[in-house]
Visitor: 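The structure that follows is given in the form of structure tokens.
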Amino acid sequence: MYKTHTCGELHRSHVGQQVELAGWVHRRRDHGGITFVDLRDRFGIVQIVADPTVSPQAHRELEEVRNEWVIQAKGIVRRRPTGSENPNLATGEIEVEVSEIRILNPAKTPPFSINKDEEVDENTRLRYRYLDLRREQMSRNILLRHQVVKFIRDFLTEHGFIEVETPILFKTTPEGARDYLVPSRLHAGEFYALPQSPQQLKQLLMVAGVERYYQIARCFRDEDQRGDRQPEFTQLDLEMSFVEREDIMALVEELFTKLVAEVAPRKRLFASPWPRLTYREALERFGKDNPDLRYDLELKNVRDLIEGSGFKVFEAAIAQGGDVRGLNAKGCADYTRKQIDELTEYAKNFGAKGLAYIALPKDQEMRSTFAKFLSPELLQALMDRMGAEPGDLLLFVADAPAVVFETLARLRVLLAERLKLADPNLLAFCWVIDFPFLNWSEEEQRWDPSHHLFTSPMLEDVPLLDSDPGKARGQQYDMVLNDYEVGGGSIRIHDRQLQEKVFGLIGLEPDVARERFGHMLEAFEYGTPPHGGIAPGIDRICMILAGEPNIREVIAFPKNQAARDVMADAPSPVELKQLEDLHIQVALPAD
RNA sequence: GGUCCCGUGGUGUAGCGGCCAAACAUGCGGCCCUGUCAAGGCCGAGAUCGCGGGUUCGAAUCCCGUCGGGACCGCCA
């Protein structure tokens, strides 16, 4: 070993000890006569002192040394002279008086500073990710991620789970996201697919009698990127046999409640036990099924109040089966026309034709897009419904229900951001349950599973699959945290007949279903336990626990928005020979 | 496929028609300095303003295109 101690562990109890340290030069302060170097390793920073009268060799070597050089230092730990302790440093009570310095590897000046927490262009950070990861914030994030995964592994192991690896080379499932394909050398014209999740495999492990499975599983989806989406990402994939919805939810709730206390003690839970919302309730109150519960700003249905008011915009929407709902932007009555226009423009992105509003300034006259239809009684009724008082701004959307929900949900998030309503130290976990089992897809003209095609309907709703499939509820549950869906799961179908029925409902021809999922159907005939599971997203959870704005900050080597690794420059062209081995011809787009 | 935003020394910013062959901070190089810890002092090097075209007497600044990056929509069972 190059070191007897880590930089971070040294303490006044080590005073008098001869130590050997190795690490990176974090900073160097050359006073001419005496030189200080902050030596950094993963565990912390310690000050080493080179006094030319004690060791001319060490002092001379440190004259050469620059930031990020890798060095080894031998010396004696001693208390710092009184008055020169550094309370900002964990090791600030002591220092190491060096007797010998060995330069292990010099370093070029890095393209950005490692020892300072300053904004750097992300492209540059990604090109030099190995340097970026040396920076305190990134190394903290990577450590946090390790602690999260470690906690999960320990917790689940204690609860009788075993981690089983599943294949990365598997089979295409065209009904989900776009697959990443891997050509087969041995089977010309055939392809493996990288798993979008180990869904089928974990169910087959239940058939195999594993009963309690988990995996820190890499998943792959070839879709466009977002701040919370990468082409490859990591899920805690988990499955249990002989359980019902409640069992999974209780387990996961306990897991993450304890995890937060352990690895993010400075964060507070918004509510424990976690609130549960039905899908319908989430929609009614927040406009979406992954609501941020950290603040109120709830949607209110005002259709019954407004019906018959004579305001054409509202009446027309209602006549077409639409809704009228609103939000109370507390204290925003002084928004200018321009600010409201901005909100309106934003709302139009989501299909709303416009925004109706009532501004209620204190000491001034009310302003409204539909003032002349607002009788004193109607105004009062609206204010009562919206919980409004002078100073507030009421915003309304009248449209098809889906548009109303989407628009108001977006406005709610936007306003909360502007009004700083969301406490960044709060973790608002909640469950959303009772999802519709199927959603009607307009463009495909058929039913789509709202979760995935192995999700079980509520057993009491199975008869509805024949009579009124849209009314059936699924045994699905989503885990939501601060405006993000961080996990989804369900009780699965474990019966071949029911599975085939669902395949039929979503328009999978029996022969296609057998070709793609024959192994599942067959397995279900060999004694399959009732089972279910969930798959929380590790990246998103770490991102929120770390307080980061995107998932790339908690992934050591992420891809950029164009799904490129800018450090290694992947993807890249390959040798013709490689393509020939794989029986692949490249057909580039014409232009 | 679409919408919006950004691109100025190594890094982060300022400048947004002439005062700019570009300013500030930091970093970098040299010299001085024995108790600093974002050490300090002095000196110095470093950008044809992403690229191409256009408008103009004059462009970092305005326009068009292009490339790169980011946010979002579509997409993500």
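What's counted below: heavy atoms across the whole structure, side chains too, no hydrogens, waters or symmetry copies. Each chain gets a letter, A, B and so on, in the order the sequences are listed, and its residues count up from 1.
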Visitor: Looking only at the aromatic ring of each residue, does the gap between the centers of A:W24 and A:W69 stay below 6.0 angstrom?
Guide: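 No - the distance between ring centres of A:W69 and A:W24 does not fall below the 6.0 Å cut-off.
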Visitor: Within the 4.0 Å heavy-atom criterion, would you say A:E85 contacts the bases, only the backbone, or no part of the nucleic acid?
Guide: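 Base contact - A:E85 has a heavy atom under 4.0 Å of at least one base atom.
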Visitor: Is the aromatic ring of A:H31 within stacking range of B:rA39, meaning centres under 5.5 angstrom and planes under 30 degrees?
Guide: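 By the stated criterion, A:H31 and B:rA39 stack.
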Visitor: With heavy atoms under 4.0 Å as the rule, sort A:E95 into base, sugar-phosphate or nothing.
Guide: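 Since a base atom lies under 4.0 Å of A:E95, the category is base.
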Visitor: Are a donor atom and an acceptor atom from the side chains of A:E548 and A:N141 found within less than 3.5 Å of each other?
Guide: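 A:N141 and A:E548 do have a side-chain donor-acceptor pair below 3.5 Å.
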Visitor: Any donor-acceptor pair, under 3.5 Å, between the side chain of A:R29 and the base of B:rC33, if you only look at N and O atoms?
Guide: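 By the distance-only test, no, there is no pair.
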Visitor: For the base of B:rU36, is there a side-chain donor-acceptor partner from A:R27 under 3.5 Å away?
Guide: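 Answer no: no donor N or O sits under 3.5 Å from an acceptor.
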Visitor: Specify the residue among A:E97 and A:S197 whose closest nucleotide of RNA chain B lies further upstream toward the 5′ end.
Guide: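 Looking at RNA chain B, the more 5' nearest nucleotide goes with A:E97.
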Visitor: From the options B:rU34, B:rC75, B:rG29, select the nucleotide whose nearest atom is closest to the side chain of A:T53.
Guide: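 Out of B:rU34, B:rC75, B:rG29, the nucleotide with an atom closest to A:T53's side chain is B:rU34.
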Visitor: Determine, for A:R12 against A:E85, whether the closest basic-nitrogen to carboxylate-oxygen distance falls under 4.0 angstrom.
Guide: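 Judged by the 4.0 Å cut-off on N to carboxylate O distance, A:R12 and A:E85 do not form a salt bridge.
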Visitor: Nearest-nucleotide wise, let me know which of A:D448 and A:F36 is further upstream toward the 5' end of RNA chain B.
Guide: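 Here A:F36 is the residue nearer the 5' end.
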Visitor: Identify which nucleotide among B:rA77, B:rG35, B:rU11 has an atom closest to any side-chain atom of A:T124, counting heavy atoms from C-beta outward.
Guide: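 Of the candidates, B:rU11 comes closest.
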Visitor: Considering just the side-chain nitrogens and oxygens of A:R221, establish if one lies under 4.0 Å of OP1 or OP2 belonging to B:rC75.
Guide: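 Looking at the OP1 and OP2 atoms of B:rC75, neither is under 4.0 Å from any side-chain N or O of A:R221.
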Visitor: Are side-chain N/O atoms of A:Q137 and A:E553 paired as donor and acceptor at under 3.5 Å?
Guide: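 There is no such pair between these side chains.
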Visitor: Would you measure the distance from the P atom in B:rU66 across to the matching atom in B:rA25 and give it in whole Å?
Guide: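 B:rU66 and B:rA25 have their P atoms separated by 39 Å.
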Visitor: Taking atom C1' in both B:rC33 and B:rG18, compute the distance separating them and give it to the nearest angstrom.
Guide: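 Comparing C1' positions in B:rC33 and B:rG18 gives a spacing of 46 Å.
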Visitor: When all nucleic acid strands are considered with a 4.0 Å heavy-atom cut-off, which category describes A:P81: base, sugar-phosphate, or nothing?
Guide: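 A:P81: base contact, heavy atoms under 4.0 Å.
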Visitor: Check every strand shown and say whether A:E119 touches a base, only sugar-phosphate, or nothing at a heavy-atom separation below 4.0 Å.
Guide: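 Sugar-phosphate only.
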Visitor: Need one value for A:T109: base, sugar-phosphate or nothing, where a base atom within 4.0 Å counts as base even if backbone is also close, heavy atoms only.
Guide: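 Touches sugar-phosphate only.
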Visitor: Side chain of A:A177 only, please: which of B:rC76, B:rG27, B:rC37 is the nearest?
Guide: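 Selected nucleotide (nearest to the side chain): B:rC76.
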Visitor: Report yes or no: is there a donor-acceptor pair, N or O only, under 3.5 Å between the side chain of A:R229 and the base of B:rC76?
Guide: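 When only heavy-atom distances are counted, A:R229 does reach the base of B:rC76 through a donor-acceptor pair under 3.5 Å.
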Visitor: Under 4.0 Å, heavy atoms only, any strand: does A:R135 hit a base, just the sugar-phosphate, or nothing?
Guide: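 Answer is nothing: A:R135 stays at 4.0 Å or more from every strand.
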Visitor: Once each nucleotide of nucleotides 67-72 of chain B is scored for protein heavy atoms under 4.0 Å, what B/S/- sequence comes out, 5' to 3'?
Guide: -SSBBS
Visitor: So is the aromatic ring of A:F112 stacked onto the base of B:rU11, judging by whether the centres are under 5.5 Å apart and the planes are under 30° apart?
Guide: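 Check failed, A:F112 does not stack on base of B:rU11.
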